[in-house]
There are 2 protein chains.
Amino acid sequence: MSDGGPATSAAARRRMSVEELAIWRTLVDTTAELRRILGAELLRDSGLSPADYHVLLALSEAEDRRLRSSELAATIDWERSRLSHHLKRMEGRHLIRRDECPTDNRGAEVSLTDDGARMFRSATAPHARAIKKHFADALTPEQFEALAGILTALQNHLHPDPAAEDLHD
Amino acid sequence: MSDGGPATSAAARRRMSVEELAIWRTLVDTTAELRRILGAELLRDSGLSPADYHVLLALSEAEDRRLRSSELAATIDWERSRLSHHLKRMEGRHLIRRDECPTDNRGAEVSLTDDGARMFRSATAPHARAIKKHFADALTPEQFEALAGILTALQNHLHPDPAAEDLHD
DNA sequence: CGCGCATGGTTGACGTGTCAATCAAATGAT
DNA sequence: ATCATTTGATTGACACGTCAACCATGCGCG
């Protein structure tokens, strides 16, 4: 119950069925559509892109509303260059600020501006409502439970537990 | 059992739980990671981006390997401008060709070149194997069944059956 | 100290996606 | 026939993401 994947050896050599492939495609399409809808609604209602929102969320949850650039990148799992590009744009819109880091002259400290904090706060409740409306309201509690299990299985498969690394083929 | 959503009135007014929100975020993150991995593998192994693959797949399944531009857009659910931009790039790489449409002088007929067909054919089996490896192999048959149901529920919620449109609030 | 390398971060080039504007051909109403 | 409207498709401007190159600072080690 703690290994990386359930279908390890029995069906592992069989080819993927067309149903499984169809499910994969539907998964990609459906999540893409949901992201598109929610992103458009977020932008319309609050002027923030999903990427903006992600950055502001991490910053607003950080201690003193500030983070080193690389910590921010690690928190939201972005490449550093992507973050750098995006921060430049966000700085231009006065959502965040970049100052030099006192303890490391190479570093940059990213901090939330009052404008940024205000926009994030005004965006958060409508965005949660939109997620509920378009996603959560569609599923039963049983489906939520199943989905949680599916996502855990996928994550375990993508990032196998290093402790159980001895039983590979 | 044919309405647009299961949780129609009872829990509809309740706020979304933090668990539900966390599942949504995990869903977005996990599918994004899967797309990233599979996209990178596809590009590395066959020189095609996921978008290229999508276009070529639609064309190769079309009658006589050719489609009107707008039909192609409808098939893969892309905006026409997006498709136009992408077709220009693909045309530059000789994957597809655009000729004028005989029946409508405004139209463009997009057709697969031999190069494009060959690249698509060589990409298809490794790509299917990658999907199996990173996605399908992680799930049990029961999870597949559950996921199919979840996706159907989400789709029904996004696109409610017009025939049952009389019982809205 | 001085050399080499690792680290933190930025930049530029390029492919990609969206939006609004554009344009020409088709359509339809009078 | 004429003119407004719709339709098929392209374009340009811009936001975004990735990749490789870059630069400066920090750090280990002789």
Side-chain angles (χ1 to χ4, degrees), chain A residues 28-29 32-33 35-44 46-56 66-93 95-111, chain B residues 28-29 31-33 35-44 47-56 66-93 95-111:
Chain A
V28 170
D29 289 351
E33 188 172 2
R35 275 182 291 116
R36 196 176 46 71
I37 292 173
L38 290 170
E41 239 166 80
L42 178 64
L43 190 60
R44 176 169 56 71
S46 67
L48 296 175
S49 71
D52 298 333
Y53 190 86
H54 213 132
V55 169
L56 295 179
R66 54 178 54 239
L67 273 179
R68 289 288 297 274
S69 186
S70 50
E71 301 180 60
L72 178 52
T75 304
I76 63 183
D77 195 30
W78 279 18
E79 297 194 7
R80 295 226 264 47
S81 89
R82 176 185 178 184
L83 181 61
S84 183
H85 282 301
H86 203 81
L87 290 180
K88 179 159 54 175
R89 290 170 225 134
M90 292 182 74
E91 199 173 24
R93 295 190 287 146
L95 297 174
I96 56 104
R97 207 177 35 235
R98 282 190 285 190
D99 324 273
E100 5 187 300
C101 173
T103 75
D104 187 333
N105 284 337
R106 297 167 298 186
E109 267 207 341
V110 187
S111 54
Chain B
V28 171
D29 290 350
T31 52
E33 188 173 0
R35 273 181 293 115
R36 197 177 46 70
I37 292 173
L38 291 170
E41 238 166 82
L42 178 65
L43 190 61
R44 176 169 57 70
L48 295 176
S49 72
D52 298 333
Y53 190 86
H54 212 132
V55 168
L56 294 180
R66 53 180 55 238
L67 273 179
R68 289 289 298 272
S69 185
S70 50
E71 300 179 63
L72 178 52
T75 303
I76 63 184
D77 195 28
W78 280 16
E79 296 195 7
R80 290 218 264 71
S81 90
R82 176 185 178 185
L83 180 61
S84 184
H85 282 301
H86 203 82
L87 289 181
K88 179 160 52 178
R89 292 170 224 135
M90 293 182 73
E91 197 172 25
R93 296 190 287 146
L95 297 174
I96 56 103
R97 207 178 36 236
R98 283 189 284 191
D99 326 271
E100 6 187 298
C101 174
T103 74
D104 187 333
N105 285 336
R106 298 165 299 184
E109 265 206 343
V110 187
S111 54

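Every chain is numbered from 1 and lettered A, B, ... according to where its sequence line falls, protein lines coming before strand lines.
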Testing the basics here: between [X] and [Y], what is the closest heavy-atom pair and its distance to 0.1 Å?
X: A:Ser69; Y: A:Leu87; answer: OG-CD1, 4.2 Å
X: A:Gly39; Y: A:Pro50; answer: CA-CG, 3.8 Å
X: A:Asp99; Y: A:Arg97; answer: OD1-NE, 3.6 Å
X: B:Leu48; Y: B:Leu42; answer: O-CG, 3.3 Å

Inset, instruction - For A:Arg93, answer base if it contacts any base atom (sugar-phosphate contacts may also be present), sugar-phosphate if it contacts only those atoms, and nothing otherwise; contact means non-hydrogen atoms under 4.0 Å. - result: nothing
Inset, instruction - Nearest 0.5 Å please: distance from the CG atom of B:Asp77 over to the CD atom of A:Glu33. - result: 7.0 Å
Inset, instruction - State the NE2-OG distance between A:His54 and A:Ser49, to the nearest 0.5 angstrom. - result: 11.5 Å
Legend entry - Residue pair A:Val55, A:Val110: steps toward the side chain to side chain contact (heavy atoms under 4.5 Å, CB included) verdict: CA-CA 10 Å; A:Val55 169; A:Val110 187; 5.8 Å; no
Grab the [atom1]-[atom2] distance between [X] and [N] for me, whole Å please.
X: A:Leu48; N: D:dA15; atom1: CG; atom2: C1'; value: 14 Å
X: A:Leu43; N: C:dA20; atom1: CG; atom2: C1'; value: 15 Å
X: A:Ile76; N: D:dC16; atom1: CD1; atom2: P; value: 13 Å
X: A:Leu95; N: D:dA15; atom1: CG; atom2: P; value: 13 Å
X: B:Asp99; N: D:dG8; atom1: CG; atom2: C1'; value: 16 Å
X: A:Arg35; N: D:dC16; atom1: CZ; atom2: P; value: 15 Å
X: B:Leu67; N: D:dG8; atom1: CG; atom2: C1'; value: 15 Å
X: A:Trp78; N: C:dT10; atom1: CH2; atom2: P; value: 14 Å

Inset, instruction - List in numerical order all residues of residues 79-91 of chain B for which some heavy atom is under 4.0 Å away from an atom belonging to DNA chain D. - result: B:Arg80, B:Ser81, B:Ser84, B:His85, B:Lys88
Inset, instruction - Please state whether the phosphate of C:dT16, meaning OP1 or OP2, lies under 4.0 angstrom from any side-chain nitrogen or oxygen of B:Ser49. - result: yes
Nucleotide N/O of nucleotides 1-4 of chain C paired with protein N/O under 3.5 Å:
none

Inset, instruction - Please identify each residue that fulfils side chain to side chain contact (heavy atoms under 4.5 Å, CB included) with B:Asp29, with sequence neighbours left out. - result: none
Inset, instruction - For A:Arg93, enumerate each residue passing the salt bridge (Lys or Arg N to Asp or Glu O under 4.0 Å) test, keeping only those at least two apart in sequence or located in another chain. - result: A:Asp52
Pick out the pairs of N or O atoms, protein on one side and nucleotides 23-28 of chain C on the other, that lie under 3.5 Å.
{"unit_1": "C:dA26", "atom_1": "OP1", "unit_2": "B:Asn105", "atom_2": "N", "d": "3.3"}

Inset, instruction - Carefully, step by step, assess A:Arg98 and A:Ser84 under the rule side chain to side chain contact (heavy atoms under 4.5 Å, CB included). - result: CA-CA 10 Å; A:Arg98 282 190 285 190; A:Ser84 183; 4.0 Å; yes
Legend entry - Close side-chain approach of A:Thr103 to A:Arg68, heavy-atom, < 4.5 Å: yes
Legend entry - Options D:dG17, C:dT10, C:dG8, nucleotide nearest the side-chain atoms of A:Arg68: C:dG8
Legend entry - 5' precedence on DNA chain C between A:Arg36 and A:Ala108 (nearest-nucleotide basis): A:Ala108
Legend entry - Residues that A:His86 engages under ring pair (Phe, Tyr, Trp, His ring centres under 6.0 Å), provided they are two or more places apart: A:Trp78
